[in-house]
Number of protein chains: 2
Amino acid sequence: MADVAGKAGVSRALVSIIFRNQPGASQETRERVLRVADEIGYRPDSAARLLARGRSRTLGVMFIVHQIFHTDLIEGIYPEAERLGYDVLLSGTTPGRGEAKAIEALLSHRCEGLILLAPDAEPAYLDELGHRAATVSVARRAPGARVDFVHSAEGKGVRQAMDHLVELGHRRIVHIDGGRGPGSAERRRAYRAAMRRHRLEAEQRVIPGAHTEESGIETGRLLLAERDRGLPLPTAVLAGNDRCAMGLLMTLTRAGVEVPRDMSVVGYDDSHLSHLMPIGLTTVRQDAVLMAENAVRFAVDRLENPELEPREAVLDPKLVIRGTSGPAPQEPAR
Amino acid sequence: MADVAGKAGVSRALVSIIFRNQPGASQETRERVLRVADEIGYRPDSAARLLARGRSRTLGVMFIVHQIFHTDLIEGIYPEAERLGYDVLLSGTTPGRGEAKAIEALLSHRCEGLILLAPDAEPAYLDELGHRAATVSVARRAPGARVDFVHSAEGKGVRQAMDHLVELGHRRIVHIDGGRGPGSAERRRAYRAAMRRHRLEAEQRVIPGAHTEESGIETGRLLLAERDRGLPLPTAVLAGNDRCAMGLLMTLTRAGVEVPRDMSVVGYDDSHLSHLMPIGLTTVRQDAVLMAENAVRFAVDRLENPELEPREAVLDPKLVIRGTSGPAPQEPAR
DNA sequence: TACTCGCACTAGAGCGCGCTAGTAGAGCGC
DNA sequence: GCGCTCTACTAGCGCGCTCTAGTGCGAGTA
């Protein structure tokens, strides 16, 4: 910076002003300084800037490296943060790198805001984080913690999906549970409520699972094995999420079960994965971009006004009807 | 830091020594200082540390947010970087956030090393980067640029896959091209060479495509349409990568083409996606962890010795035979 | 006793910026 | 001429840390 200032014949302070795009420099000088900076290859050092400014204007995002839906969220976080003048730092969790480590990395890089995608940590820890930075939890509720919360109205999404299936004549509708996955409990509850509402208590069935392809594959094998033992297949399956739905679909399709002719499958998330299906996966869309924007705005709002009480954004999910759901098959005469 | 020092009754310098785990403090004092720091909730500020130290010991990783294979690489980068004492910063590209922006972000955060996963930039730009930071390009060659290069021996991988298919009796083997995707040119060349070597020039066929699911789906539709016009299906397809293979598989399976009975499909990458198939995708494994480790080590080596000439690591890929490849179907009498 | 040595610790400069308080000079009204 | 404002610019402190060059002190040695 001193080099630039010297070569352009101005003070360091003026260079600073120019690089921050602030008033106080003539157009002429501005251009000259920028030209010189470009020649020298100068670029402001964000560490020093950050140190001097006291504020980093940086949001840290913790995500699970292998969660496709998280990459959708990230795609929404970047532009919104940029719009509000914030930098974004990513820190991923992997099987060998836990949440605590990922979060510590963000914190030590002076992130003022923390956007945690489906954090698995205990509320007490989240609360601690909430006191240290403007923290937003996406998709996972943290009761009592000083963090904002963005999620979608799981109940509404499931209800739409169930209404859709029932309308198509389905009665034997099975739900694959998401285990400890975020939102699973709410989805399971909503499934049960919907079955009750449609007077299908007798057909209710929740198969334990997870938000993974393997879970879908396993469930598929289970159902096929039951069929081979003479039990009827369900006519529709509401999977815990898209990944699970895809695993299930692959297993069924390979076994000659035609979707949606023989069975309908509905996912949850509308993640990029849906691209895989030539006919498209009927799924409940969580608007990743909208969730991302809300999360960013929550964090920024709280940074500008730290006294804000924890807030919650509930986004309406929307059923996206594609090719994997269709009329219920005719029951064979028994 | 001053607070900690004051409360523990020592100087700031000693606190610094203790937090850097350096000799020069008694065990007793160490424990006391750490205890006080914990009480206060002090954590060293990496921005200031970085500024003072002059070195950041940080590697920046640019990746494509939606590339599953990149997340595999990231999973390998973290532990290796940690082992060597380096921090990792992630910066993703998305449709709305180009490579230049992602890289600038890393640079302004003082990354000393740059690991670029499949960069699409011009060699001239990469060369410029190479002069500014220890830069490693993964999977994409940058002729003439001052960057290290890590990739797998595409030729060997394709050859193994082709030998495998020919051994199974396949002759009508089609290759779906990866377009501008990294490694595509080499893979295409190796496919042609293998066909020639097996005296199958007459059967050679390269279908233009891309490294996406959509490309696989389109190709599937194309092949099915040809079949409906009376043309024979290929007995095996070597896809440009796993994503393309998966799209193709979905399309074929849905149309009643049974894999591998009616057609074999081989992918490339062995990305996490393979989990989707209940029978597993036969694919050419690029060892992501090994590639990641090499990339990290290249960057670190160059940081320790900037005079190093650009190096290249060629990793041997390995065919992983799973469920989507099998004996060639009997040709129907014509 | 006088000295060296090693250990535990400290003072203070400086990393590259941002920011506050200030100056110099031009323009303007009276 | 004076005071005033406005624009363009500068001096220099301080952000939180690391690091070099020390200091003080007790133990060991001649």
Side-chain angles (χ1 to χ4, degrees), chain A residues 1-37 40-58 85-87 104-112 132-133, chain B residues 1-37 40-58 85-87 104-112 132-133:
Chain A
M1 184 168 179
D3 294 351
V4 175
K7 201 163 174 186
V10 296
S11 68
R12 292 188 309 103
L14 197 57
V15 176
S16 169
I17 284 171
I18 290 168
F19 267 89
R20 280 175 293 136
N21 240 329
Q22 290 219 332
S26 65
Q27 196 50 42
E28 197 182 354
T29 317
R30 246 171 238 279
E31 281 164 18
R32 181 160 39 92
V33 168
L34 289 176
R35 192 153 23 82
V36 170
I40 299 189
Y42 165 82
R43 102 188 37 249
D45 179 330
S46 69
R49 161 174 292 180
L50 196 147
L51 186 62
R53 188 160 43 186
R55 288 206 46 187
S56 68
R57 296 191 74 85
T58 298
Y86 280 76
D87 240 24
E104 291 301 317
L106 293 174
L107 244 28
S108 87
H109 277 281
R110 273 208 172 198
C111 291
E112 304 179 301
R132 216 146 49 192
Chain B
M1 184 169 182
D3 294 351
V4 175
K7 202 163 174 189
V10 296
S11 68
R12 293 188 307 103
L14 197 57
V15 176
S16 169
I17 284 172
I18 290 168
F19 267 89
R20 279 175 294 135
N21 238 329
Q22 290 218 330
S26 66
Q27 195 52 40
E28 197 183 353
T29 317
R30 246 170 239 280
E31 279 164 19
R32 180 160 39 95
V33 168
L34 289 176
R35 191 153 23 82
V36 170
I40 298 190
Y42 164 82
R43 104 186 36 247
D45 178 330
S46 70
R49 161 174 290 181
L50 196 148
L51 185 62
R53 190 159 43 187
R55 287 205 50 188
S56 67
R57 296 192 74 86
T58 298
Y86 280 76
D87 241 25
E104 292 301 318
L106 293 174
L107 245 28
S108 87
H109 277 279
R110 274 210 172 196
C111 291
E112 305 180 300
R132 218 150 43 195

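Scope of the values below: all heavy atoms of this structure, side chains included, with no hydrogens, waters or symmetry mates. Naming: A, B, ... by sequence-line order, numbering from 1 per chain.
- Taken to the nearest 0.5 Å, the CD atom of Gln27(A) stands 9.5 Å off from the CD1 atom of Ile18(A).
- As rounded to whole Å, 9 Å separates atom C1' of dG16(D) from atom CG of Leu51(B).
- Applying the 6.0 Å contact sphere to CD of Gln22(B) captures more than 12 heavy atoms from other residues, nucleotides or ligands.
- Annotation for Ala133(B) and Cys111(B): closest pair CB-O, 4.2 Å, computed over non-hydrogen atoms.
- Using modelled atom types, no side-chain atom of Arg43(A) and backbone atom of Ser108(B) make a donor-acceptor pair closer than 3.5 Å.
- If you measure from atom CG of Asp45(A) to atom P of dG18(C), you get 10 Å, rounded to the nearest angstrom.
- Picking from dT18(D), dG18(C), dT10(D) the nucleotide with the shortest atom distance to the side chain of Ser16(A) gives dG18(C).
- Listed for the Arg32(A) side chain is a donor-acceptor partner under 3.5 Å among the backbone atoms of Ala8(A).
- Within the 4.0 angstrom heavy-atom criterion, no nucleotide atom of any strand lies near Arg30(A).
- In terms of phosphate contacts, Ser26(B) brings a side-chain nitrogen or oxygen within less than 4.0 Å of OP1 or OP2 of dC9(C).
- As judged by a 4.0 angstrom heavy-atom cut-off over every strand, Arg55(B) is placed among residues making no nucleic acid contact.
- Between His109(B) atom NE2 and dG16(C) atom P the separation is 18 Å, expressed in whole Å.
- Out of dT18(D), dC9(C), dC19(C), the shortest distance to the side chain of Ala52(B) is found at dT18(D).
- In the set dT10(C), dC17(D), dG12(D), dG12(D) carries the atom at the smallest distance from any side-chain atom of Arg12(A).
- At a threshold of 4.0 angstrom between heavy atoms, the contacts of Pro44(B) are confined to the sugar-phosphate backbone, with no base atom among them.
- Atom pair Arg20(B):CZ and dT20(D):P shows a separation of 9 Å (rounding to whole Å applied).
- Residue Leu14(A) holds its CG atom at 9.0 Å from CE of Met1(A), rounded to the nearest 0.5 Å.
- Both Thr29(B) and Arg53(B) lie close to DNA chain C; mapped to their nearest nucleotides by heavy-atom distance, the more 5′-ward contact belongs to Thr29(B).
- Rounded to the nearest 0.5 angstrom, Asp45(B) CG and Leu50(A) CG are separated by 7.0 Å.
- Rounded to an integer number of Å, the gap from Ile18(A) CD1 to dA8(D) C1' is 10 Å.
- Ile17(B) places its CD1 atom 7 Å from the C1' atom of dC9(C), with the value rounded to the nearest Å.
- Nucleic acid contact class of Ala13(B) (heavy atoms, under 4.0 Å, all strands): base.
- In this structure, the CG atom of Leu50(B) is 11 Å from the P atom of dG16(C), given to the nearest Å.
- Residue contacts shown for Phe19(A) are absent, as no nucleic acid heavy atom lies under 4.0 Å away.
- Closest heavy-atom contact between Arg110(B) and Ser56(B): O-OG, 2.6 Å.
- One end of the helix from dT1(C)-dA30(D) to dC30(C)-dG1(D) points its axis 50° away from the other end's axis, with each axis taken from 5 pairs and the angle rounded to 10°.
- Taking atom CG of Leu14(B) as the reference point, atom P of dC9(C) lies 5 Å away to the nearest angstrom.
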